[in-house]
Every structure is written in C-alpha cells, then in structure tokens.
Chemist: 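Here you go, one structure.
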Amino acid sequence: MSPIEFYDTRTRSRRVFEPLEPGRVGMYSCGPTVYAPPHIGNLRSRLFSDLLKRFLLAEGLAVTHVINITDVGHLVSDADEGEDKIEAAARREGKTAEEIAEHFTQVWRDDGAAVHCLPPEHNPKATEHIPEQIELAQRLEAGGYLYRIADGLYFDTSRFPRYAELAHLDLEGQAEGARIGVVEGKRNPADFAVWKFAEPGVRRLQEWDSPWGRGFPGWHLECSAMSVRYLGERFDIHTGGIDLAPVHHTNEVAQSECGYGVHPWVNFWMHNEFLDMGSEKMSKSKGNVKTLSDLVARGIDPLAFRFFFLQAHYRQQQSFTDEAIQSAATGFRRLQGIVAELAGCDDAGDPDRQAPFRERFRDALADDLNAPRAMAVVWDVARSDTLPAADRRDLLLGFEPVLGLGLDEAKARVAAATARAEEAWEQDPRIDGLLAERQAARAAKDWATADRIRDELAADGIEIVDSPSGPRWRRKGA
RNA sequence: GGCGGCGUAGCCAAGUGGUAAGGCACGGGCCUGCAAAGCCCUGAUCCCCGGUUCGAAUCCGGGCGCCGCCUCCA
C-alpha cells in the first residue's frame, strides 16, 4: 500500500495526503452559477471532485463535501460592471431570479445524478448565506483590508503579501498586457469587489441591506464565508477548474486568510484541466454538443460520459471529439456486458487471488488519482482468461463504489437497453412485406434473392438485423 | 506582455532513467447461409535537432506546432 499522494497547486508539488483531523476529510468544490444548464466541461469538474470523494470514502475516510450554488452576483461583462447573468436570464425569460436559479439548480442536480455523482453533504446557496458573507466582510474591514469607492467595497490586494502565491502570479508582468477592465478608484489592478452597491436608479431583483448600504456580495465572498461555516476555518481539499486558480481561488485565499488569520487556509488545492473541444468550440449557435442532454439526445448514455472521463487523468486536457465519446460508449457497453454476464456466477471468490488486483487498482488512484491506470486494471480483470469468474465478479463489483459506473446494476441495465432496442424496431407495410419476401427466400435457401433484398433496403438506409424471433429493421444512424 | 499545459500507434490515452498500460477503430479468426451482436488475435521506439548517461518517451538546451488562463469561462 503506497501512501496517498495528490498534486497541490499552491506548492506546485505532489505531496502525501494526510487529513488535518485523522479519519475525516473536509472538501469544498466550486459549484455552478445557475443561470444556464451545465455543459460537459462543468461536468468534468464535477466528476473529478466526485471521483476524489469516492476514492477517499473507499479509503475509509469520512468525507464532508460542500458544493456551493452561486445564485447571485455574476456579471455579464468584464471588470465589475454590467448586468448580473442571473438577472439577465430572468429578464429574458420573464421570470424571477429565484425561478431561474431554482430551475438550473435542478438541472445541475439531475445531470449530476445521471452521471452518478454522489450528492454533497452540503449544497449551500449564496443567497441563503448573506449574513455570513457580511460578517466576513466586516472582519476584513476591521482588519483594514477594505476600502470604499463609488461602486463598492474593495479588497486591497497590496495588504496581503501572499496574494500571488496560489497561482504563482506575476502581477507586474500581468498588468502590462492584460485586458483588465478599469474600475475608477481601484488601488491595484487585482483588487476585487467584496460588496457591490446597488446602482442608483437601477432596481435589481436581488439585493440586500448591509452596513455599507443596499447591494449584493462579490462573487468570491460566498465561497470563503460558506466554507468556514460548513468546514471550519481550515480544511483539507478545495477543488475547481484550473481557470479558477488565478482569480477566484486567489481571491478566496486573500479573504479567508486575512479574515480568519489562518495559513495555509486550504491544505490541498486540486484543479482539473479543461476538456479540449478542438476546432469545434462549444457554442450553441454552431449546434455543437455541449450539455449532457445533447449527448443523451444523440443516444449516448450519461454514464458513458463518466466512462469517458475516467479514461484520462484529471490534470490533463482531455480531447472531446465525436469519435472519442463514441468509442467510450462502445467500451462502456462492452464492460457492462461482461459484468452482466459475471453477475450470473454463484461461486465464491478467493480474496487472496484478488488481492494483487485490488492493490493495483487502489494504488493507481492513490497516485494522484490516476484513473486511466485504474481503468487498465479494470480491463485486465474484465478480460482475464486466468482469473475465475467469481474473482472477476468480486473484483469488478469491488471497484464499483469508486468507479460509479453502475456496474452493480449491469444486468438490469443491459436488459433495459435490450428492451429499448426492441422498441426501436420499426414497422412499415412496404418494408415488412419485403422482409417477409426475404424470409421466404431464406427458407428456400435462395441466398441470392435474400441478399439482394437486404442490399436494396440498405441502399435506402435501412438496416436489417436477423434475430431468433425474426428479422427486424431500423433506419441507420437511428 | 505574463502564467500554465500539451505534442506517445488511425482516434482517445497511461507511462518522469532500464528495453512503450488500457480503450476504440482497422485487419485476421471463431460464431452466423451471409450480415449484425459477441468472443479471440494483431499494431507504435514516443514532433524535430543537439546534449547528459552504461542506458531517455522520460533529464538538460534549442527549435517547430497546438491548447488554456490572465474577462464573475470548469
């Protein structure tokens, strides 16, 4: 058993993971801003934190996982100006901000459930923790970290020497060519809003009273305030997409370390890389696949996306192409078939014989969550011609709590898929007539006629599949 | 301008000093009248150049190419 090692963004190194409190792990993952459905890139981040959690649970640790729901405070344009995205969506849909947030929060939960992400222990909403956020802002104000300008209360990053630490920022060089929107009165380019004042004459759907006047919290504030409430002033792991490190997480660190006087606030910062969409940039207008529903509409099982995710390491950009997701779907289907077959075995396995495989699987994940290597073990077991079926069954089902691929229900899932395929067979007088003709030819062993009919139908894009209960047909690509 | 990542078989993707995991596709085989499904078998010396080393995909230097972030984008 090798020790658990994770890569930590702050120290830019792989370190042995030890919970701050033996046996217990506190995890915080940056969640969705609920103004639109999550896309598959968001889903990768979610799957990453879920895999991490499942692995820690399998290690016997008690995990408290917090994922926030950002239902206020995101602005449409750059800098700290522009319209709130949720408010914009609400206006567009003719609904309230709460309705928009509620709807997309549900979509986020449904999508997560569809890919078997375990529900977090806490799923706090920013709007339900305004007092906590104000309390933190007051601490920061008391510490002299904030200053007030026309549109809000800002954090003075020059008061926090470690500001650039997490993302290893070069603030000098960065300011030179960055497209940083200029906010009148900011002391440093990196300074950010902790509390924004409601604009005079503009009535927002979401605003609250505060010691500094009516307004709303800055985006970064919620994560600092809610994590301390549910995980304490220091905790073990904070996850998120790699893009969050330079701004969002950097600002969270500034607020939390200055507000609570702790360091390091978070023991391990773990960031997942992006999905590489290649030339087909994700965009609704181009009609490119980007949400889980889009995949489902194309006949991709949500869990095939989870299988796809497990095939690449979380810190590598993963190329998402049509061919890649299709091949994942095929691989997943076959793996399910193998497990479904093994489920019928009633023999007892031999734990000693299984041990080496369990260890390889576990050690791959202990090695900075190397899922691809763990999957290689899965296939070694699935297709082993030396391991008895009982051991293969025990091993694969033993991996399931970490994989989350639904292998424990493989038999039922395969049966359901078969039933769905049955329903997909179509009927049509003309084609069914030709099929009957072909059957007659087959019965007479007139293969030439039989094949001619099939070829003719194939030319029309119709595929015939023979089965014990007779021939069926469907349109290709359906 | 700054920060970061990548370039391994047709595609996806592990592998950070000792003679290249795994998945998908292709090809071959079994099965099937044929086909589909399923099962089995089969493939690479690691972008280029130079260096370090007994030995490098793995370390160093220099190229070329690609991607992300620096905008409240995961």
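So you know, we letter chains A, B, ... as the sequences are listed, proteins then strands, and number each from 1.
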Chemist: How about A/Glu341: does its CD atom have over 12 heavy atoms from other parts shown lying under 6.0 Å from it?
Modeler: no
Chemist: Any cation-pi pair here, A/Arg315 with A/Tyr7, using under 6.0 Å and within 45°?
Modeler: yes
Chemist: Provide the distance between the two P atoms, one in B/A21 and one in B/G15, to the nearest whole Å.
Modeler: 13 Å
Chemist: Counting any heavy atom closer than 4.0 Å, what does A/Arg360 reach on the DNA or RNA strands: base, sugar-phosphate only, or nothing?
Modeler: nothing
Chemist: What interatomic distance, in whole Å, is found between C1' of B/A13 and the corresponding atom of B/U8?
Modeler: 9 Å
Chemist: Want to settle it: does A/Arg14 or A/Gly31 sit nearer the 5' end of RNA chain B, counting the closest nucleotide to each?
Modeler: A/Arg14
Chemist: Taking the nucleotide of RNA chain B with the nearest heavy atom to each, does A/Leu43 or A/Ala167 sit closer to the 5' end?
Modeler: A/Ala167
Chemist: Any base atoms under 4.0 Å from A/Arg452, or only sugar-phosphate, or nothing? Heavy atoms, all strands.
Modeler: nothing
Chemist: For nucleotides 27-34 of chain B, print each protein N/O atom paired with a nucleotide N/O atom at under 3.5 Å, atom names and distance only.
Modeler:
residue, atom, partner, partner atom, Å
B/G33, N7, A/Arg442, NH2, 3.3
B/G33, O6, A/Arg438, NH2, 3.3
B/G33, O6, A/Arg442, NE, 3.0
B/G33, N1, A/Asp451, OD1, 3.1
B/G33, N2, A/Asp451, OD1, 3.1
B/G33, N2, A/Asp451, OD2, 2.6
B/C34, O2, A/Arg454, NH1, 2.8
B/C34, O2, A/Arg454, NH2, 2.2
B/C34, N3, A/Arg454, NH1, 3.1
B/C34, N4, A/Asp466, OD2, 2.9

Chemist: Can you confirm whether the side chains of A/Thr11 and A/Asp8 place a donor and an acceptor under 3.5 Å from each other?
Modeler: yes
Chemist: Can you measure from CG (A/Leu435) to CG (A/Leu457) and round to the nearest 0.5 angstrom?
Modeler: 7.0 Å
Chemist: Could you tell me whether A/His313 contacts a base, only the sugar-phosphate backbone, or nothing, with contacts defined as non-hydrogen atoms closer than 4.0 Å?
Modeler: sugar-phosphate
Chemist: Determine the interatomic distance between C1' on B/G61 and the same-named atom on B/C3; round to the nearest Å.
Modeler: 22 Å
Chemist: Contact class for A/Gln316 vs. all strands (heavy atom < 4.0 Å): base, sugar-phosphate, or nothing?
Modeler: sugar-phosphate
Chemist: Whether the side chain of A/His39 and the base of B/A74 hold a donor-acceptor pair under 3.5 Å is what I'd like checked.
Modeler: yes
